[in-house]
Amino acid sequence: MRNQSNTFTQKKEITMSSCRVGLRLAACLLNISEARKKYVVENIAKAALLERNGQRHPEVSVLNIFSDPEYNRSVITIAASIDELGNSVLAACLEAFQSIDMEIQEGIHPCLGAVDLIPIYPLSGVGVEECGAVARSLAENLVLSVPGCSVFLFGEADLPEKRPLVQRRKQLGWFTRRDFSALKPDLGPAPARRCGLTGIGASPYVMNCNVTIDSQDLALGKEIASAIRGSNVNGLKGVQTMAFPHEGKIEIACNVESFEDQEVTETSEGSQYMAYSVLGDHFYYVSPHYIEAQVKKLASDRGIGTIGRALIGFTPQECKSCAEYAIKESIGEFWKIREGVFM
């Protein structure tokens with residue numbers, strides 16, 4: 001599980017550098033509170049690919065499925081034209097709410113909802129504001145379609161405040177898991193115990209990068225996580241961190257936010273920051289290699305090693321390239337072939 005990343009093997013070579021389509025593309029990294037029943041997770045992913053008439057939608061692809069049984073959490077990467085993404089994600093959510101019951105859900109990862117998080121990110125030809133409008137529309141449709149579903153909004157979907165996800169999670173007690181009776185949603189009724197509370201929003205791309213340290217000391221893991229957290233002095237900009245027991249070791253789980261910063265100028269494979277652009281806006285994020293190196297150094301200073309790094313899905317550039325290729329070639333179940341794809 002920890003070795004899953006975007007290292008592509010030579011099973012089948014597909015050149016992606018020339019794949020460009022005129023679609024306006026966005027992605028949703030759908031976080032669901034199920035990973036132990038593979039058929040449930042795959043049925044949710046497949047639901048995203050179908051139109052209401054049951055035919056496969058040509059402008060939607062599931063790029064990746066990452067499931068962690070110990071966390072009991074899966075992340076399904078859905079890419080589509082911005083005009084179709086909302087309906088696609090809604091279909092996946094309807095399947096998820098039928099299949100996942102928060103009253104019996106167990107797992108060490110914090111969560112509040114059967115569908116825990118629905119973030120929407122721009123990939124090409126679309127801005128984050130339009131993604132926010134899609135997210136708000138999706139939230140309204142979801143509470144109308146699922147009895148007991150309730151929603152909190154974040155980022156560009158949370159108007160006018162645009163509160164970031166980490167702030168909303170703190171306000172709602174997401175990190176301490178979970179007293180539904182005290183939650184106050186932005187949309188929908190008080191959370192039903194089966195459904196829980198779902199977060200929906202939009203922002204520049206957020207990547208998930210986890211590094212495992214060779215220790216069972218959770219306090220030490222939390223110390224390392226705090227040291228690289230972007231909100232702390234000398235932390236890594238845009239990086240949010242938690243430490244969890246995982247498979248007999250400690251995992252430093254990082255959400256890596258993209259940000260706009262005029263002061264960032266050095267971007268290369270070996271530098272701290274990587275860069276990309278959407279609609280002429282330039283974004284930066286901390287390199288996964290750099291995050292791993294910092295964790296390794298902090299762990300070494302404390303006399304322990306690291307075991308490996310897991311990139312949950314894609315970097316922003318990889319997600320865009322895979323989405324363009326998959327939709328151009330009408331490959332809905334891209335996650336089944338992605339190990340044979342070269343960027």
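Below, all heavy atoms of this structure are taken into account, side chains as well, without hydrogens, waters or symmetry copies.
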Passes side-chain contact (heavy atoms from CB on, under 4.5 Å), Asn208 versus Phe66? Steps please. CA-CA 11 Å; Asn208 305 112; Phe66 186 96; over 6 Å; no
Nearest non-hydrogen partners of Ser203 and Val206, listed with the distance: OG-CG2, 3.8 Å
Would Thr315 and Glu318 count as a side-chain hydrogen bond (donor to acceptor under 3.5 Å, both in side chains) if you check the C-alpha gap in whole Å, the side-chain angles of each, and the deciding distance to 0.1 Å? CA-CA 5 Å; Thr315 67; Glu318 289 167 344; 3.3 Å; yes
Please determine whether side-chain contact (heavy atoms from CB on, under 4.5 Å) holds for the pair Cys111 and Arg73, giving the CA-CA distance in whole Å, both sets of side-chain angles, and the decisive distance to 0.1 Å. CA-CA 9 Å; Cys111 62; Arg73 186 178 187 86; 3.8 Å; yes
d(Thr198 OG1, Asp186 CG) to nearest 0.5 Å is 12.0 Å
Separation of Leu94 CG from Asn141 CG (nearest 0.5 Å): 9.5 Å
Is there a donor-acceptor contact under 3.5 Å from the side chain of Ser61 to the main chain of Gly332? yes
Is His246 close to Asp68 at the side-chain level, that is, under 4.5 Å between some pair of heavy atoms? yes
Grouping I, L, V, M, F, W and Y whenever their side-chain heavy atoms are under 4.5 Å apart, do Ile108 and Met242 come out in a common cluster? yes
Between Arg194 and Ser99, the two heavy atoms sitting closest are NH2-N, 4.2 Å
Is any side-chain heavy atom of Ile118 less than 4.5 Å from a side-chain heavy atom of Leu142? yes
Backbone N or O of Gly308 within a donor-acceptor pair of the Thr306 side chain at under 3.5 Å? no
Ala326 and Leu63 have their tightest heavy-atom pair at CB-CD2, 3.9 Å
Report yes or no: does Glu34 contribute a side-chain atom to a donor-acceptor pair with the main-chain N or O of Lys37 at less than 3.5 Å? yes
Run the side-chain hydrogen bond (donor to acceptor under 3.5 Å, both in side chains) test on Tyr71 and Glu251 for me, step by step, so that the C-alpha distance in whole Å, both residues' side-chain angles and the decisive distance to 0.1 Å come before the verdict. CA-CA 11 Å; Tyr71 285 170; Glu251 185 165 78; 2.6 Å; yes
Less than 4.5 Å apart, any side-chain heavy atom of Leu236 and any of Gln272? yes
Which atom pair, heavy atoms only, marks the closest approach of Val115 to Cys93? CG1-SG, 3.9 Å
Identify the two heavy atoms, one from Ile65 and one from Ala45, that lie closest to each other, and give their separation to 0.1 Å. CD1-CB, 3.7 Å
Check the pair Ile250, Leu220 against side-chain contact (heavy atoms from CB on, under 4.5 Å), reporting the backbone distance first and the verdict last. CA-CA 9 Å; Ile250 301 298; Leu220 188 148; over 6 Å; no
Are Val128 and Leu279 co-members of a hydrophobic cluster defined by side-chain heavy atoms under 4.5 Å apart? no
Looking only at non-hydrogen atoms, find the nearest pair between Val239 and Thr241 and report the distance. CG1-CG2, 3.7 Å
Looking at side-chain heavy atoms only, is the closest gap between Ser226 and Asn232 below 4.5 Å? yes
To the closest 0.5 Å, what do you measure between CG (Leu153) and CD (Glu140)? 8.5 Å
Taking only Lys NZ, Arg NE, NH1 and NH2, and the carboxylate oxygens of Asp or Glu, determine whether Glu130 and Arg24 approach each other closer than 4.0 Å. yes
Report the C-alpha distance between Ile252 and Asn210 in whole Å, list the side-chain angles of each, state the deciding distance to 0.1 Å, and finish with yes or no for side-chain contact (heavy atoms from CB on, under 4.5 Å). CA-CA 6 Å; Ile252 313 300; Asn210 300 341; over 6 Å; no
Can you tell me if Asn43 uses its side chain to pair, donor with acceptor, with the backbone of Val40 under 3.5 Å? no
May I ask you to test the Phe154-Arg168 pair for a side-chain heavy-atom distance under 4.5 Å? yes
Got a second to check how far Gln240's CD is from Arg229's CZ, nearest 0.5 Å? 9.0 Å
Output yes when a side-chain donor or acceptor of Arg56 lies under 3.5 Å from a complementary backbone atom of Val60, and no otherwise. yes
Polar side-chain atom of Ser277 near backbone of His282 as donor-acceptor pair, under 3.5 Å: no
Restricting to side-chain contact (heavy atoms from CB on, under 4.5 Å), what partner residues turn up for Arg136, sequence neighbours left out? Ala133, Ala157, Leu159
Contact check, side chains of Gln55 and Leu50, non-hydrogen atoms, under 4.5 Å: no
N/O donor-acceptor pairs under 3.5 Å from side chains in residues 291-305, not counting sequence neighbours:
residue : atom : partner : partner atom : Å
Glu292  : OE1  : Arg309  : NH1          : 3.0
Lys297  : NZ   : Asp301  : OD2          : 3.3
Arg302  : NE   : Glu223  : OE2          : 2.7
Arg302  : NH1  : Leu298  : O            : 2.8
Arg302  : NH2  : Glu223  : OE2          : 2.9

Measuring from atom CD of Glu329 to atom CZ of Phe334, what distance do you get when rounded to the nearest 0.5 angstrom? 10.5 Å
Side-chain heavy atoms under 4.5 angstrom apart, residues restricted to Ile, Leu, Val, Met, Phe, Trp, Tyr: same cluster for Ile228 and Leu218? yes
Is there side-chain contact between Met207 and Tyr285, with heavy atoms separated by less than 4.5 Å? yes
With sequence neighbours left out, the residues meeting side-chain contact (heavy atoms from CB on, under 4.5 Å) with Val143 are Cys149, Val151, Leu187
Parallel, tilted or perpendicular, judged at 30° and 60°: which one describes the rings of Phe259 and Tyr284? tilted
Is there a donor-acceptor pair closer than 3.5 Å between any side-chain N or O of Ser88 and the backbone N or O of Ala48? yes
Pairs satisfying ring-ring contact (aromatic ring centres under 6.0 Å, His included), at least one member in residues 191-243, at least two apart: Tyr121-Tyr205
To the nearest 0.5 Å, how far apart are CG in Leu30 and CD1 in Ile200? 9.5 Å
Under the rule for side-chain contact (heavy atoms from CB on, under 4.5 Å), what residues qualify as partners of Val134, not counting sequence neighbours? Ile82, Ile120
I'd like to know if Glu156 and Lys162 make a salt bridge, using a cut-off of under 4.0 Å between side-chain N and carboxylate O. yes
Is a side-chain donor or acceptor of Gln317 paired with a backbone partner of Tyr276 at a separation under 3.5 angstrom? no
Where the side chain of Asp116 meets the backbone of Ser33, is there a donor-acceptor pair that is under 3.5 Å apart? no
Going by heavy atoms in the side chains, are Asn64 and Ile76 under 4.5 Å from each other? no
Is the backbone of Ile307 close enough, under 3.5 Å, to the side chain of Asp214 for a donor and an acceptor to pair up by distance? no
Apply side-chain contact (heavy atoms from CB on, under 4.5 Å) to Glu333 and list each qualifying residue two or more places apart in sequence or on a separate chain. Lys46, Leu49, Trp335, Lys336
